[in-house]
Amino acid sequence: MDNSNIVAMFEMMDSSGRGTISFVQYKEALKTLGLCTEDEDLQDDGHKITLDKFKEEVNKRMKEIWSAF
């Protein structure tokens, strides 16, 4: 998965074009990508998730997974 895929996914969730997604959307996206388990306890800090934050977290989690191989 490259940055264009991450951006495309974010843009699909950000249908209003505000540049942010909700924490619920963020968590569901991570689950869909296989980067978060059902029982993982992600902490909602009350802030909206920006594209930069989303890309950072997806890339970090992908590196963690691939480093296991």
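As the structure is a computational prediction, the values presented were derived from the model and not from experiment. The first residue in the sequence is number 1, and the count goes up from there.
- Ile21 CD1 to Met12 CE: the interatomic distance, rounded to the nearest 0.5 Å, is 11.0 Å.
- The backbone N or O of Ala8 lies less than 3.5 Å from no partner atom in the side chain of Asn5, so there is not a single donor-acceptor pair.
- A side-chain donor from one of Gln43 and Asp41 sits under 3.5 Å from a side-chain acceptor of the other.
- Side-chain contact annotation: Asp52 with Thr50, donor-acceptor N/O pair under 3.5 Å absent.
- Of the inter-residue distances, the one linking Phe54 atom CZ with Thr20 atom OG1 reads 13.0 Å to the nearest 0.5 angstrom.
- Ionic pairing of Glu28 and Lys31 is present here: one or more N-O contacts between side-chain nitrogen and carboxylate oxygen are shorter than 4.0 angstrom.
- Nearest heavy-atom pair across Asp44 and His47 is OD1-N, 4.4 Å.
- Looking at residues two or more places apart in sequence or on another chain, you find a salt bridge (charged side-chain N to carboxylate O under 4.0 Å, His left out) between Lys60 and Glu57.
- Within the 4.5 Å cutoff, the side chain of Met9 has heavy atoms near those of the Leu33 side chain.
- Between Lys53 atom NZ and Phe10 atom CZ the span is 12.5 Å, to the nearest 0.5 Å.
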For this session: Go through Asp14 and Leu51 one step at a time and tell me if the side-chain contact (heavy atoms from CB on, under 4.5 Å) criterion holds.
Result: CA-CA 9 Å; Asp14 180 24; Leu51 175 58; over 6 Å; no
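- Note on Val58: it clusters hydrophobically with Ile65, by side-chain heavy-atom contacts below 4.5 Å among ILVMFWY residues.
- Side-chain contact check for Phe23 versus Leu42: some heavy-atom pair is nearer than 4.5 Å.
- Interatomic distance, CD of Glu64 versus CG of Leu35, reported as 9.5 Å (0.5 Å rounding).
- Annotation for Glu40 and Arg61: closest pair OE2-NH2, 2.9 Å, computed over non-hydrogen atoms.
- Asn3 meets the side chain to side chain contact (heavy atoms under 4.5 Å, CB included) test with Ile6, Lys55, Asn59; sequence neighbours excluded.
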